[in-house]
Amino acid sequence: MSQLLAAIGGASGVTLGAFGAHALKESLVARGSTKTWETAVQYHLLHSVAMLGLAAIRTNQDSAALRGSTLSWTLGVGLFSGSLYGLALGGPRWLGPITPLGGLLLIAGWVGVGYHALAGPDQPLKEE
């Protein structure tokens, strides 16, 4: 499932990045929100790649912390980048307070990876 989420995240991040650089360029420039869009894409893609790495780790060892990180990053990208995409397009101001909630979820995902690094897997998945 982590690989699928990473693939969806990567494909949608590239698509939204290209969309912002081409189809939405004039609109974003006119609103002064190009940097906001770029930040959304950057975090979207960064965490998609991180999730792909997490999927690779989870094939050999897994833990509740890594499963939690997958969920945190998925929700975090949706809230953080999603709210920034909306704000960049002139969405409602109530999207603004959602951005830091998404950021907290992204941070929580990294904390989960760190916890896994210290505590180790719940149990080995493969014996070699």
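Because the structure is predicted, anything quoted here is derived from the model rather than measured.
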(request) Side-chain contact test, heavy atoms from C-beta onward, threshold under 4.5 Å: evaluate it for Leu84 versus Val41 and give yes or no. (result) no

(request) Quick one: which residue pairs count as a side chain to side chain donor-acceptor pair (under 3.5 Å) with a foot in residues 75-86, not counting sequence neighbours? (result) His44-Tyr85, Ser83-Thr99

Kindly work out whether a path of hydrophobic side-chain contacts (I/L/V/M/F/W/Y, heavy atoms less than 4.5 Å apart) joins [X] to [Y].
| X | Y | result |
| --- | --- | --- |
| Leu66 | Leu52 | no |
| Ile8 | Tyr43 | yes |
| Leu54 | Met1 | yes |
| Val77 | Leu46 | no |
| Trp94 | Leu101 | no |

Value rounded to 0.5 Å, distance of [atom1] in [X] from [atom2] in [Y]:
| X | Y | atom1 | atom2 | result |
| --- | --- | --- | --- | --- |
| Leu87 | Arg93 | CG | CZ | 9.0 Å |
| Lys35 | Gln42 | NZ | CD | 9.5 Å |
| Glu38 | Leu28 | CD | CG | 8.5 Å |

Residue pair [X] / [Y]: nearest heavy atoms and the distance that separates them:
| X | Y | answer |
| --- | --- | --- |
| Thr70 | Thr74 | O-OG1, 2.8 Å |
| Met51 | Leu5 | SD-CB, 3.6 Å |
| Ser12 | Gly9 | OG-O, 3.2 Å |
| Gly10 | Leu45 | O-CD2, 3.7 Å |
| Pro100 | Pro97 | CD-O, 3.3 Å |
| Tyr115 | Ala65 | CD2-CB, 3.7 Å |

(request) Kindly give the cluster partners of Val111, where membership spreads through any ILVMFWY side chain lying under 4.5 Å from a current member. (result) Ile107

Indicate yes or no for a side-chain donor-acceptor contact from [X] to the backbone of [Y] under 3.5 Å, with no hydrogens or angles considered.
| X | Y | result |
| --- | --- | --- |
| Arg58 | Ser2 | no |
| Ser33 | Ala88 | yes |
| Trp37 | Leu16 | yes |

(request) For the residue pair His47 and Trp73, categorise the inter-ring angle as parallel (less than 30°), tilted (30 to 60°) or perpendicular (more than 60°). (result) perpendicular

(request) Mind running side-chain contact (heavy atoms from CB on, under 4.5 Å) on Leu24 and Leu89 for me, showing each step along the way? (result) CA-CA 9 Å; Leu24 294 175; Leu89 294 173; 3.8 Å; yes

